[in-house]
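We number each residue from 1, following the sequence as shown.
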Amino acid sequence: MSTKPLRLSVLDQSPVPAGSTPAQALANSLDLARHVDALGYTRLWYSEHHSMDLLACTAPEILITRAAAATSRIRVGSGGVMLPHYAPLKVAEVFRTLHAMFPGRIDLGIGRAPGGGQLEAYALKRDRQSPTRDDFPQQLAELRAFLDPTRWEALGDARGPHPFSRIRVAPDAPGAPDIWLLGSSMWSAVTAAQEGLPYAFAHFFSPIQTRQAIEYYQRNYQPSTARTTPEATLAIGVICAPTQAEADLLHASVRLLQRRIRMDDRRPVATPEDALRELAAQPQAPNPLLAFTAGSLDAPEDNEWPRYLVGTPDIVAAQLRGLATELNLNEVIVNTITHSHAARLRSYTLLAEAMKL
C-alpha cells in the first residue's frame, strides 16, 4: 500500500427524489460538483443510464461540461460512456473537445453495459438489420488510436496501414483525456490488464468478484503508454450521518431502490419513511419479473464487503481505509444516494472531514 493518503472521488448518477423533477436532480448534481470540488475530492464521474425516472443522467458528456466549467480543481469525467452505443470516432471528438476546454481535468471512463433495459438497448443500436455482435475490443482499440495516433501502426495488417489512420481528430490539443476501463466482472479486469489501462470496478453494483477482479488486474497488468504501473479503484456506496440511527434511516431509500430495480420498477428515490413502510409491507422480495441481475437484490449480503457502507463518518472512514489496504488501492470512488439533497451534501462533507481530505 502506498504511503500517500487515500484519495476519494465521487460517482454521481443524478438521482431523482420522489416529489421532485429530473431538472432539479441535474441542478442538484451541479451543486454537488461545486461542493465536492471545494472539499478536496479527486475526481467526479457521471454515469450513463437510459429511460429511468430514477436517474436523470443520460448524457454524461453534457454534465461533464457544466461541472468542469463550474469547478476549478477536480477532475471530471464519465463513469462511464457505454461504448457499444456509439461510434468510437464520435466519442473521441466529444472528449477531445472537452480536453481542449479543460486540459488535464478530463477522464473518459468506458463501459460496455447497456445502461438500461433491452428495449432501450435496441433503440440505441447502431445497426438493427443484423444480430447484435460484441465488437467492444475493436471499438476500444479504435477509440484509443483516435486519441493516440501512434497506436494505429499496431492496427494495420498485410494490406497496409489502418484506413482510419488518415483521420485527424479535432480539436488537436496537446495530450488527451485519460481513458479508464470500467466493469463489474472478470472480463473487464482481464481486458484492462491486457490493454494497460487504469481500471475501476463497480463494487456498489456487483460485489461478488471485487477482490478476484482487482487482484487479477494488479498481478497481470501489462505496461502501456497509458500507464507503466497498474492503477485500480472501486466504486462503493456510502451514507454518512452524525448517528448510526440516522444513517440507517437514510439507507432505507437505497434498500427499496435496489428491490424495485429487481422488479423493473424505476420510480424516483423514495423518502426514508415511505421506503420503510414499503419494505415492511413486503419483508421478502417477490419473485423478480426480470432475470437475476447482480447488484439488484435486497437480501442480506454475505460478501466480503457490503455494497453500501452506512454509519457515522469515523466508522465509514475506517471501513474505507481497511478496504483500500486489503486491495492495495490508493483511491476509492464514493456513490451516495439519498432522498434529501441536503443529506447527500452532508454525507460527503462528513466523510471528507473524517478522511482529512
Applying a strict under-4.5 Å side-chain criterion to I, L, V, M, F, W and Y, I'd like to know whether F164 and V169 cluster together.
yes

Where do V334 and S9 land on the side-chain contact (heavy atoms from CB on, under 4.5 Å) test, with the steps shown first?
CA-CA 6 Å; V334 173; S9 294; over 6 Å; no

Audit row: H203, T210, side-chain hydrogen bond (donor to acceptor under 3.5 Å, both in side chains) steps and yes/no
CA-CA 6 Å; H203 175 86; T210 299; 2.6 Å; yes

Answer yes if M82 and F205 sit in the same cluster of Ile, Leu, Val, Met, Phe, Trp and Tyr residues linked by side chain heavy atoms under 4.5 Å apart, and no otherwise.
no

Which atom pair, heavy atoms only, marks the closest approach of Q218 to N328?
NE2-O, 3.4 Å

Parallel, tilted or perpendicular, as decided by the 30° and 60° cut-offs, for the rings of Y199 and F201
perpendicular

Restricting to non-hydrogen atoms, name the atom on Y46 and the atom on L11 that form the minimum distance, rounded to 0.1 Å.
C-CD1, 4.4 Å

Derivation and outcome, side-chain hydrogen bond (donor to acceptor under 3.5 Å, both in side chains), residues S14 and H49:
CA-CA 10 Å; S14 299; H49 290 90; over 6 Å; no

Can you tell me how far apart CD1 (I179) and CG (L143) are? Round to the nearest 0.5 Å.
4.5 Å

Given T312 and D314, is the side-chain hydrogen bond (donor to acceptor under 3.5 Å, both in side chains) satisfied, shown in steps?
CA-CA 6 Å; T312 60; D314 287 343; over 6 Å; no

Just so I know, are the side chains of R227 and D178 near enough to count as touching, which here means a heavy-atom distance under 4.5 Å?
yes

Less than 4.5 Å apart, any side-chain heavy atom of L329 and any of I214?
yes

Heavy-atom closest pair (Y217 atom, A189 atom, distance to 0.1 Å) is CD1-O, 4.0 Å

Using the benzene-type ring in the case of Trp, are the ring centres of F204 and Y308 under 6.0 Å apart?
no

Taking the side chain as every heavy atom from C-beta outward, state whether T65 and E61 have any pair of such atoms under 4.5 Å apart.
no

Backbone N or O of E195 within a donor-acceptor pair of the Y221 side chain at under 3.5 Å?
no

Return yes if some donor-acceptor pair links the side-chain N/O of D148 with the main-chain N/O of R144 below 3.5 Å, else return no.
no

Under a 3.5 Å cutoff, is there a donor and acceptor pairing between the side chains of T349 and H35?
yes

Is there a side-chain contact (heavy atoms from CB on, under 4.5 Å) between I337 and V269? Walk through the geometry before answering.
CA-CA 8 Å; I337 293 179; V269 182; 3.9 Å; yes

Report the distance from atom CG of L357 to atom OH of Y41, rounding to the nearest 0.5 Å.
5.5 Å

Considering all heavy atoms, the nearest A176-R96 contact
CB-NH2, 3.7 Å

Go through the steps for R267 and D53 under the test salt bridge (Lys or Arg N to Asp or Glu O under 4.0 Å), then give the verdict.
CA-CA 5 Å; R267 280 179 288 169; D53 294 336; over 6 Å; no

Out of curiosity, Q13 CD to S47 OG, how far, rounded to the nearest 0.5 Å?
4.5 Å

Once the angle between the rings of W152 and H162 is folded into 0 to 90°, is it parallel (under 30°), tilted (30 to 60°) or perpendicular (over 60°)?
tilted

Let me check something: do Y348 and L350 share a hydrophobic cluster, defined by ILVMFWY side-chain heavy atoms less than 4.5 Å apart, either directly or through other members?
no

Shortest non-hydrogen contact from R66 to L30?
NH2-CD2, 3.0 Å

V16 side chain near L55 side chain, heavy-atom distance below 4.5 Å:
no

I'd like to know if V81 and L124 are part of one continuous hydrophobic network [Ile/Leu/Val/Met/Phe/Trp/Tyr, side-chain heavy atoms within less than 4.5 Å].
no

Give a yes or no on whether a salt bridge exists between D135 and R112, defined as a side-chain N under 4.0 angstrom from a carboxylate O.
no

Heavy-atom distance under 4.5 Å between the side chains of R43 and W180, does that happen here?
yes

Please indicate whether R73 has more than 12 foreign heavy atoms, meaning atoms of other residues, nucleotides or ligands, lying under 6.0 Å from its CZ.
yes

Positive for salt bridge (Lys or Arg N to Asp or Glu O under 4.0 Å) with E278, one of R260, R255, R259:
R260

Go through the structure and list residues passing side-chain contact (heavy atoms from CB on, under 4.5 Å) with T97, not counting sequence neighbours.
M101, P171

With rounding to the nearest 0.5 angstrom, report the CD to OG distance, Q209 to S184.
8.5 Å

Tell me, please, which residues at least two apart from T71 pass side-chain hydrogen bond (donor to acceptor under 3.5 Å, both in side chains).
R105

About how many Å separate OG1 of T336 and NE2 of H251, when rounded to the nearest 0.5 Å?
10.5 Å

Could you please spell out the steps behind the salt bridge (Lys or Arg N to Asp or Glu O under 4.0 Å) verdict for E142 and K90?
CA-CA 11 Å; E142 289 181 9; K90 186 58 183 176; over 6 Å; no

Taking all heavy atoms of S29 and all of L63, pick out the closest pair and write down the distance.
CB-CD2, 4.4 Å

To the nearest 0.5 Å, atom CG of L197 lies from atom CD1 of I110 at 9.5 Å

Can you find a heavy atom in the side chain of Q258 that is under 4.5 Å from one in the side chain of I261?
no

Salt bridge or not between D274 and R277? Use side-chain N to carboxylate O under 4.0 Å.
yes

Report yes if some heavy atom in the side chain of R75 is under 4.5 Å from a heavy atom in the side chain of W45; otherwise report no.
no

Any donor-acceptor N/O pair, S165 side chain to P161 backbone, under 3.5 Å
no

Show me the donor-acceptor pairs, under 3.5 Å and distance only, between side chains in residues 233-246 and residues at least two apart or in other chains.
residue: T233; atom: OG1; partner: E331; partner atom: O; Å: 2.8
residue: T243; atom: OG1; partner: E246; partner atom: N; Å: 3.1
residue: Q244; atom: NE2; partner: D248; partner atom: OD1; Å: 3.0
residue: Q244; atom: NE2; partner: V310; partner atom: O; Å: 3.1
residue: E246; atom: OE2; partner: R346; partner atom: NH1; Å: 3.2
residue: E246; atom: OE2; partner: R346; partner atom: NH2; Å: 2.4

Treating D157 as the side-chain partner and R159 as the backbone partner, does any N or O pair qualify as donor plus acceptor under 3.5 Å?
yes

With no hydrogens and no angle check, is any side-chain donor or acceptor of E304 less than 3.5 Å from a backbone partner on R211?
no

Do L327 and Y216 belong together in a cluster built from hydrophobic side chains that touch within less than 4.5 Å?
no

In sequence, state the C-alpha distance, the side-chain angles, and the governing distance for D37 and R34, and then conclude on side-chain contact (heavy atoms from CB on, under 4.5 Å).
CA-CA 5 Å; D37 182 44; R34 299 188 187 98; 5.7 Å; no

Going through the distances and angles, do L8 and T42 end up as a side-chain contact (heavy atoms from CB on, under 4.5 Å)?
CA-CA 6 Å; L8 288 186; T42 298; over 6 Å; no

Between L249 and E273, is any pair of side-chain heavy atoms under 4.5 Å apart?
yes

